[in-house]
Structures are given as C-alpha cells and as structure tokens.
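Here is the structure we will look at.
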Amino acid sequence: MSPDNPDRERPVDEPDQPAPPRTPHAQHPEVDRSTGAAPGEFGAGHLPAAYQSSLELRFDEPRRPLRALAAVLGVVLALAALGVPLGLLWAALAPDTPVLKTAEGAIYAEPQPEQPIAADGWFSLLGLAFGLLVAFALWFVLRRWRGPVGLLAAVLGTLVAAPVAWQVGRRIGLAAFDRLLATAPAGQAFSKPADLRAGGVDWLLGVLPVPHGNLLLPAFGAAVMYTLLAGWSRWPGLRPEPEPGEFSWVSAGTPAPTAAPEPPAPDAAEPPRG
C-alpha cells in the first residue's frame, strides 16, 4: 500500500473505472421495496401504521356469520317496532267507512263507498315511502354491512313492519265497532274503522305467515332504493375507501432512508492525503 496506490487489492497499472450510471428507480440495497423502510425497521408481520389503517378501512369485511345474523335480527326488531307508529299514522289518515246495522249484520251505507279504496291507497303510499326511507337510512347507518346483508335486513324488516302496521291501524276503533255491531238496533248508522282489502296475510302450512298485496310495497320500496344506492355507489366495495393521497406506504413517524453517497467522478481531483 502506497500513496500512489491506496487500494492494496488493485494493481498499480489498472486505471480507474467510471461509476455506473444511476437510474431514477434505483434504490439503496438496504431499503425494502414493499414498505420503503430498511430491513429490521419493522418487526416481522408488522406494517406501518398508515398502511395498516388503510387496510383496515379497505378490507373491513363482515367475516363472522353470527355478527351478520345479529345485525339482521336487530334491524328486523327495530323496524317491527317502527310499524306501530306507521299503523297509527295510517289509522289517522285513512277515513272510516259509514255502515248500517241490519238483521244480517252491517252493510255499507252507500252502494259504492270510496273509503275502503282510500284506506288501501293511504296504506300503499305510506308503506312505499316507509320502505324507501328505511333503505336510505340503513345505507348510512349500517355502513359496515353494506351489500347483501344490508339488503336482506331492509327487506325482512319491512316485511315484518307492514303486517304490524296493518294490525295496529285496523284495531283503532275496532272494539267500539264490534260492540255497536252486537248491540245496536237494526237501522242504526255508525262507522267501520279502516281496513285493507287489497292485502293480507296467508299462512303457509299453517305455520309460516306470507304477506301479499299492498303489504309487500314497503319491502319493494326498500329493495329498489337499496339497489339504486348500491348501483350509484362510487366505491366498488360499497364502503368508503381512502383516497390515494390520504395514506403513505411509510409511516409518518419513520424517517426516510438516506441514499448511498455517490462515488467521485473519474476526473475529479483526489483530496490531499496527509
């Protein structure tokens, strides 16, 4: 080793070789390409906080069937309870039908009364609006369960709420009507509370209730609204995803790796050696 040949492994007569060109995508060999951090900077299986939070937001899927079932049952029970005020509202808006007491029972006071048609119409309008509002509310309340689980909860909940509303509304004033029907003399006029003629419930095998007619309109409105919201969603997974600039592959608290120093140019003057 001498001042003219500081490298003991290189022959004296071998000229200096130019440095290899640097490409824009070249990285330090000690930098991990997947996370942008040096090896050992994060533990095994550990990801930066920003990237981990983005994974939790993007892939937060309801993987447990019991939780999905509990969410559906909770929505069904809540919507069944909302069927009570819906029935009260229908009973307040639907007109009563005037009837006459005869020896055979009660008959319409008018040959072709419009009140039963109005009762069906009010229930259809209220039920359809109820289904639309339910789907719209569940879309924002159950953001985690958007998709088939949310649609199932909306449809089943409105299918249960519609018969509840019907039974609650038709029983307003029904006890007074039955008492007059049993005790009033023939020829007396009174009114019959609102009831449905275009809808009802059939029993399948005597066990399973199957609604039909305008009792299906709330479920129809909920299914249509929920499907439209899913079709107009800007996210493929139906849940909000982070924007590209909202997170980084490197955690905010992790310093960026320093680049390797560039080798001196071939023609650069050597520093003085002392």
Side-chain angles (χ1 to χ4, degrees), residues 75-138 151 154-228:
V75 171
V76 170
L77 292 177
L79 293 181
L82 289 178
V84 175
L86 179 63
L88 295 176
L89 179 61
W90 171 58
L93 294 176
D96 295 338
T97 305
V99 295
L100 287 175
K101 173 67 182 295
T102 63
E104 291 81 11
I107 61 172
Y108 290 135
E110 302 174 0
Q112 295 180 347
E114 298 179 355
Q115 288 81 3
I117 301 175
D120 282 317
W122 275 113
F123 190 90
S124 300
L125 291 176
L126 293 175
L128 186 60
F130 178 76
L132 296 177
L133 292 176
V134 164
F136 193 79
L138 290 182
L151 178 61
V155 171
L156 289 181
T158 48
L159 279 177
V160 175
V164 172
W166 170 45
Q167 290 299 320
V168 169
R170 69 182 294 268
R171 294 180 185 279
I172 302 298
L174 185 60
F177 171 77
D178 291 337
R179 184 176 63 254
L180 289 175
L181 186 62
T183 59
Q188 183 176 350
F190 49 94
S191 60
K192 179 183 178 182
D195 203 351
L196 292 182
R197 297 194 308 174
V201 176
D202 295 332
W203 292 88
L204 182 62
L205 301 178
V207 178
L208 183 63
V210 180
H212 62 85
N214 49 10
L215 289 180
L216 298 177
L217 283 176
F220 175 76
V224 170
M225 174 59 75
Y226 202 93
T227 305
L228 289 177

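Annotation for Leu181 and Lys101: closest pair O-NZ, 3.0 Å, computed over non-hydrogen atoms. Scanning both residues, Trp90 and Ala119, for their nearest heavy atoms gives NE1-O, 2.9 Å. Nearest approach of Ala162 to Pro218, heavy atoms of both residues: CB-CG, 3.9 Å. The nearest pair of heavy atoms linking Val155 to Ala223 is CG2-CB, 4.0 Å. Across all non-hydrogen atoms, the minimal contact from Leu215 to Pro163 is CD2-N, 4.3 Å. Here the closest heavy-atom approach between residue Pro95 and residue Trp122 is recorded as CD-CD1, 4.3 Å.
Distance check, rounded to the nearest 0.5 Å: CG of Asp96 to CG of Asp195 gives 11.0 Å. Residue Thr158 holds its OG1 atom at 11.5 Å from CG of Leu82, rounded to the nearest 0.5 Å. We find the CE-CG distance between Met225 and Leu132 to be 4.5 Å, quoted to the nearest 0.5 Å. We find the OH-CG distance between Tyr108 and Leu100 to be 12.5 Å, quoted to the nearest 0.5 Å. With rounding to the nearest 0.5 angstrom, the CD1 atom of Ile172 is 11.5 Å from the CZ atom of Arg170. The distance from the CG atom of Leu174 to the CZ atom of Arg179 is 11.0 Å, given to the nearest 0.5 Å.
Within a 6.0 Å sphere centred on CZ of Phe177, heavy atoms belonging to other residues, nucleotides or ligands number more than 12. Around the CD atom of Gln188, the shell of radius 6.0 Å holds more than 12 heavy atoms that belong to other residues, nucleotides or ligands. Counting non-hydrogen atoms of neighbouring residues, nucleotides and ligands closer than 6.0 angstrom, the CZ atom of Phe136 reaches no more than 12 such neighbours.
With contacts defined as side-chain heavy-atom distances shorter than 4.5 Å, the pair Leu79/Val160 does not qualify. Between Trp166 and Val201 there is a side-chain heavy-atom pair separated by less than 4.5 Å. The shortest side-chain heavy-atom distance between Lys192 and Pro116 does not fall under the 4.5 Å cut-off. Annotation: side chain of His212 is in contact with side chain of Asp202 (closest heavy-atom distance under 4.5 Å).
Not a single donor-acceptor pair under 3.5 Å links the side chain of Asn214 to the backbone N or O of Ser124.
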Decide side-chain contact (heavy atoms from CB on, under 4.5 Å) for Leu126 and Leu86; before the verdict, give the C-alpha distance in whole Å, the side-chain angles of both, and the deciding distance to 0.1 Å. CA-CA 8 Å; Leu126 293 175; Leu86 179 63; 4.0 Å; yes
